[in-house]
Amino acid sequence: MWQEERRQRLRALLATFGGVSVDRVTEEFGVSRETIRRDLLEMEQDGELKRVRGGAIPHTEQREPPYAERQTVRLREKRQIAATAASLVESGQTLLLDAGSTTAILSERLSQLSGLTIITNSVDVASLIGAPDSVNERRNTVVLIGGRFAAQPPATFGASAINEIMRYNADVAFLSPFGLDAHKGATSYDPDEAEIARAMVVCSKKTILLADYSKLGVVSRVSYCTIDALETIILDHSARTHAEIANFKKAKANIVFAQKRAK
């Protein structure tokens, strides 16, 4: 197999699975480990990927896709994560949710539970939790944080939003980061989003991160929470084989993999 053919196949595997392992690629391509390591090294030097222990993941310097696009991708994985996250919630709890496509899907699940208080800066989350059957029949309460409005995603940000968040003492914060790295922790592309998430971490007894496989090993511009500050990281089922998982285990992160099929 020619080098360029190997590199094309490596790109395809990275795009499909969010990571590759040296052992798997060596077996599939029928070449030596040294050959694959050399390919990965050269591709990393070209800015195409980031090498990690035992393999590689996509290059992390990328701009966050528009919110409308994020709402349509990896829906199966996000639903798996949301179902698992909702199973950890108890009636009577106060929850903080940030503005993200995964937390929006989680809010659909939470609207079917009862006796919850949801505090959020997300217009989508507030709309779903604030539906008549959720509020009137299931006695859920939604608080939409005030602040400077932004359309992408539709949410509030800024100093007044942070000040309002700081008034609360929540049981759990459910956050969906742009990237999640074993060393850099949870990161966001947008500084305003990072500040909101950081405030929610401070004001919650527990912080639970929701991340699909595409976010693993990704380091974006602003860090807002270290791995040791997290109660739990909920990942989709396919993330089990991601090359970055070994680094999270080494960091002693509490990882929960969602069931393959969300009910």
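For the numbers below, each heavy atom of this structure counts, side chains included, while hydrogens, waters and symmetry mates do not.
At least one side-chain heavy atom of M43 sits less than 4.5 Å from a side-chain heavy atom of R7. The side-chain heavy atoms of D98 and T120, taken from C-beta on, include no pair separated by under 4.5 Å. A 4.5 Å side-chain heavy-atom check between R6 and T35 finds at least one atom pair inside the cut-off. Taking the side chain as every heavy atom from C-beta outward, V201 and L230 never approach each other to under 4.5 Å. Using a 4.5 Å heavy-atom threshold, the side chains of I234 and F257 count as separate. In this structure the side chain of V89 reaches within 4.5 angstrom of the side chain of L95, judged on heavy atoms. Within the 4.5 Å cutoff, no side-chain heavy atoms of L175 are placed close to those of C225. Here the side chains of L96 and C203 are in contact, with some heavy-atom distance below 4.5 Å.
Note on I118: it clusters hydrophobically with I208, by side-chain heavy-atom contacts below 4.5 Å among ILVMFWY residues. In the hydrophobic clustering of this structure, I162 groups with Y224; members are Ile, Leu, Val, Met, Phe, Trp, Tyr whose side-chain heavy atoms approach within less than 4.5 Å, directly or through other members. The hydrophobic clustering, which links ILVMFWY residues whose side-chain heavy atoms are closer than 4.5 Å, places I255 and L209 together. One hydrophobic cluster, built from ILVMFWY side chains closer than 4.5 Å, holds both V125 and V172. Cluster annotation: I129 is connected to L97 through the hydrophobic network of ILVMFWY side chains, with a link wherever side-chain heavy atoms come within less than 4.5 Å.
Listed by chain and number, the residues in a salt bridge (Lys or Arg N to Asp or Glu O under 4.0 Å) with K205 are D171 (sequence neighbours excluded). Applying the side chain to side chain contact (heavy atoms under 4.5 Å, CB included) test to A56 and every residue at least two apart in sequence or in another chain returns V20, L40, L49. With sequence neighbours excluded, the residues forming a salt bridge (Lys or Arg N to Asp or Glu O under 4.0 Å) with D133 are R138, listed by chain and number. With sequence neighbours left out, the salt bridge (Lys or Arg N to Asp or Glu O under 4.0 Å) criterion links R51 to E44. Residues passing the side chain to side chain donor-acceptor pair (under 3.5 Å) test with R139, sequence neighbours excluded: none. Residues passing the side chain to side chain donor-acceptor pair (under 3.5 Å) test with E195, sequence neighbours excluded: R198. When the side chain to side chain contact (heavy atoms under 4.5 Å, CB included) test is applied to E90, the partners found at least two apart in sequence or on another chain are Q93. For T226, the side chain to side chain donor-acceptor pair (under 3.5 Å) partners two or more places apart in sequence, or in a different chain, are D228. The salt bridge (Lys or Arg N to Asp or Glu O under 4.0 Å) search around D236 returns none, not counting sequence neighbours. In this structure R148 satisfies the side chain to side chain donor-acceptor pair (under 3.5 Å) test together with D192, sequence neighbours excluded.
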>> Determine whether S176 and K78 satisfy the following criterion, side-chain hydrogen bond (donor to acceptor under 3.5 Å, both in side chains), listing intermediate values before the conclusion.
In response: CA-CA 10 Å; S176 179; K78 293 173 182 178; over 6 Å; no

>> Checking F248 against L216 for the side-chain contact (heavy atoms from CB on, under 4.5 Å) test, could you report, in this order, the C-alpha distance in whole Å, the side-chain angles of both residues, the deciding distance, and whether it holds?
In response: CA-CA 9 Å; F248 285 100; L216 299 182; 4.0 Å; yes

>> Quick one, I245 with R240, criterion side-chain contact (heavy atoms from CB on, under 4.5 Å). Give me CA distance, side-chain angles, the key distance, then yes/no.
In response: CA-CA 7 Å; I245 293 299; R240 290 175 179 270; over 6 Å; no

> Step by step, would you call E244 with R53 a side-chain contact (heavy atoms from CB on, under 4.5 Å)?
Replying inline: CA-CA 7 Å; E244 188 73 5; R53 182 182 179 87; over 6 Å; no

> For I105 and L75, what are the C-alpha separation, side-chain angles and deciding distance, and is it a side-chain contact (heavy atoms from CB on, under 4.5 Å)?
Replying inline: CA-CA 9 Å; I105 292 175; L75 292 178; 4.0 Å; yes

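The minimum heavy-atom distance between T156 and I145, with the atom names listed, is OG1-O, 2.8 Å. Residues L116 and S91 approach most closely at CD2-CA, 4.2 Å, considering heavy atoms. Shown here for L235 and I81, the closest heavy-atom pair between the two residues is C-CG1, 3.9 Å. Across all non-hydrogen atoms, the minimal contact from S220 to T187 is N-OG1, 3.0 Å. In terms of heavy-atom proximity, F157 sits nearest to E193 at CE2-CG, 3.6 Å. Shortest non-hydrogen contact noted between T232 and V256 is CG2-CG2, 3.5 Å.
Of the inter-residue distances, the one linking L106 atom CG with F174 atom CZ reads 6.0 Å to the nearest 0.5 angstrom. One distance of note links CD of Q152 with CG of D190; it measures 11.5 Å at 0.5 Å rounding. To the nearest 0.5 Å, atoms CZ (R33) and CZ (R38) are separated by 14.0 Å. The CG atom of L14 sits 13.0 Å away from the CZ atom of R9 when rounded to the nearest 0.5 Å. Atom NZ of K252 and atom NZ of K249 lie 15.0 Å apart (nearest 0.5 Å). In this structure, the separation between OG on S122 and CD1 on I196 is 11.5 Å, given to the nearest 0.5 Å.
Annotation for F149: hydrophobic cluster partners, listed by chain and number, are V123 (ILVMFWY side-chain heavy atoms under 4.5 Å, direct or chained).
Side chains of S87 and T84: no donor on one and acceptor on the other come within 3.5 Å. Using a 3.5 Å distance cut-off with no hydrogens or angles, the side chains of S238 and K260 do not pair a donor with an acceptor. Of the N and O atoms on the side chains of S134 and N140, at least one donor lies less than 3.5 Å from an acceptor on the other residue.
Just one of E77, H242, R74 meets the side chain to side chain donor-acceptor pair (under 3.5 Å) condition when paired with S214; it is R74.
Between R24 and E28 there is a salt bridge, since at least one side-chain N of the basic residue sits less than 4.0 Å from a carboxylate O of the acidic one.
Judged purely by atom type and a 3.5 angstrom limit, R221 uses its side chain to pair as donor or acceptor with the backbone of Y189.
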Under 3.5 Å, sequence neighbours excluded: what are the donor-acceptor pairs made by side chains of residues 177-186?
residue, atom, partner, partner atom, Å
D181, OD1, K50, NZ, 3.3
D181, OD2, H183, N, 2.8
D181, OD2, K184, N, 2.9

